[in-house]
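Take a look at the structure set out below.
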Amino acid sequence: MMMPKSSSWKMLNRGIQRAVSQRSLKGTLAGTRSRHRIGRFKLPAEMTVPTCEALSPASKSAELSPPDVYLTTIGTGSQMPTEKRSVSATALNIGGRIWLFDCGEGTQLQLWKSTISPPRITRIFISHLHGDHFFGLPAVLCSMNTDRKEYDKPPVEIVGPPGLRRLVRSMLSAGATHLRYLYKVHELHPSSSSVNAEIAQQKLEGNVRHPQEILGKNILPGPDGVWNHIPFSNKDVDTFAVHAVGLRHSQKISSTGFILKETDYPGNFEDPDKVLNLIQSDESRKRLPKRYQKHPHEIFNELKRGVAIEGVLSPTDVLGPTKPGRKIVILGDTFDASTAASMSAGATVVVHEATNGALSNLEKSNENETKKVIARTIMHGHSTPEMAGAFAQAVGAASLVLTHISPQYCGLEMKYPNVITDGFAELARREYDGHVVVANDGMNIVIQGEWQSTDIPSATENERLVLPFVCEKDAESLVRNGTVTPKQAALDAIRATDKFVQIAQDAAREAKT
């Protein structure tokens, strides 16, 4: 078969042959324009047909290549810092962009100890306005000044409950703090009356913005009570949509859970012959739109993006099954996360608080003692490992990460280093069949998708591999392993909450008698 005389097609042929001769096919088509100096020659008739996946250009586009995602537990304690644990802060590294969830006292120091660079933080999410979740915010905002030129990057966006905007203004303005970047605060309001009350309060205080502040949005929930697709002006990570939902925590302050849903990705090329025939056939080439005749390697990019080649090929003709995106659920303090269950169905990983637990391996624990611990924990608006496990089981999560450990266990942890990691994991597994990680400060956790490896280290291996502030190559791997329907997840989560509330009520009645 004679090839077209177009120089672009000759360049393409040369690139294919060079890839075959060097046995290095990946990214060849992408390189025919830029990397390779290409001359004239005929494509050998006996050439081995390379795989279409090898021919596909190695695009940096997020549409084609899922980003690496790392979860770093900056602080895993509650109430106040201890020798073993700092207070709440969790960082998510999505393709090099850092999102910070909660920012308790001491987060600034913990960040500098970790693999997370503060200037790379682009978004901050505050679950609620209890001190162990936001007291570290002004220090972190100042740390983000490091190694920055004046206003060299898009604004940092902060999301949180009503009152957070005034709080940030007052903390920065009190010390006449100058930031080398702009920022905006978006508030999640439960109703329009809440928005009006906040606006009125801002007017009373003079409504004076900080010099580096851009006015953020007051966001209202949808009819289902969920803040869907929180709108960000800085589209630094287009592949993840962020949703938020209110959680039951205390009578005076509600908490927030954040659900991050990644877009689905196109499958791999499974039928290379169809694409190669398209490239090599004179008849097929005539039917191609002109833009593909000039740059034929763009065919692969378009098919990968799910775009049909008009009148010639559809992505479904050559691509395998779609790769489902990851779902990451990071919950604030709560004793009842059932409001987040339907949105969390099929989660890749759930990060859930586990403030207290009845440790049977050290305490003289029995059924009554367990009930008392559950009752005491719920009374303070928190969860036990069993409650976290029941939620993860209800939503069909692949993995569960426990955090927000009470400081009352500091002494035990100093004497018995693995008492919490082993004991709390055992309690969670009473309700949950998946992979449990009891987080320590500085853990780096790789969050993988279904298209990646499914090997999960054993619990004993985890302790050896995941050390405080280890490098990412030694990080622990979490893999998604199943889904449930949103409706079923919500029903199961409500039943689980009712069960533990009933246990607490029984314990309270027994205590009175």
(Q) Taking NZ in Lys372 as the centre, count heavy atoms belonging to other residues, nucleotides or ligands within less than 6.0 Å. Is the count above 12? (A) no
Q: Any ring pair (Phe, Tyr, Trp, His ring centres under 6.0 Å) involving residues 493-513? Give me the pairs, sequence neighbours left out, ordered by first then second residue.
A: none
Q. Taking only residues two or more places apart in sequence, or in another chain, which ones meet His243 in a ring pair (Phe, Tyr, Trp, His ring centres under 6.0 Å)?
A. His229
Q: Say whether, by atom type as modelled, one donor and one acceptor occur between the side chain of Trp112 and the main chain of Pro118 under 3.5 angstrom.
A: no
Q: Kindly write out the residues that satisfy side chain to side chain donor-acceptor pair (under 3.5 Å) with Thr384, not counting sequence neighbours, or none if the list is empty.
A: Glu386
Q) Excluding sequence neighbours, so at least two apart, what forms ring pair (Phe, Tyr, Trp, His ring centres under 6.0 Å) with His186? A) none
(Q) Are His382 and His380 an aromatic pair, judged by ring center distance below 6.0 Å? (A) no
Q.
Please enumerate all residues that pass ring pair (Phe, Tyr, Trp, His ring centres under 6.0 Å) together with His352, with sequence neighbours excluded.
A. Phe391
**Q.** Partners meeting side chain to side chain donor-acceptor pair (under 3.5 Å) with Glu413 (sequence neighbours left out)
**A.** Arg85
Q) salt bridge (charged side-chain N to carboxylate O under 4.0 Å, His left out): which pairs involve residues 333-351, sequence neighbours left out? A) Arg248-Asp336
Q: Quick one: pull up OG1 in Thr239 and CD1 in Ile94 and give me the separation to the nearest 0.5 Å.
A: 6.5 Å
(Q) Restricting to side chain to side chain contact (heavy atoms under 4.5 Å, CB included), what partner residues turn up for Thr322, sequence neighbours left out? (A) Asp264
Q.
Taking salt bridge (Lys or Arg N to Asp or Glu O under 4.0 Å) as the definition, give me every residue that meets it alongside Arg495, ordered by chain and number, with sequence neighbours left out.
A. Asp492
Q. Under the side chain to side chain contact (heavy atoms under 4.5 Å, CB included) test, which residues partner Asp506, sequence neighbours left out?
A. Gln502, Arg509
(Q) My understanding is that only residues two or more places apart in sequence, or in another chain, count here; which of them pass ring pair (Phe, Tyr, Trp, His ring centres under 6.0 Å) with Phe258? (A) Phe101, Phe125
Q: For Pro486, check side chain to side chain contact (heavy atoms under 4.5 Å, CB included) against everything at least two apart and list the hits.
A: Ser342, Ala345
Q: Establish, from distance only, whether the side-chain atoms of Ser255 and His249 form a donor-acceptor pair under 3.5 Å.
A: no
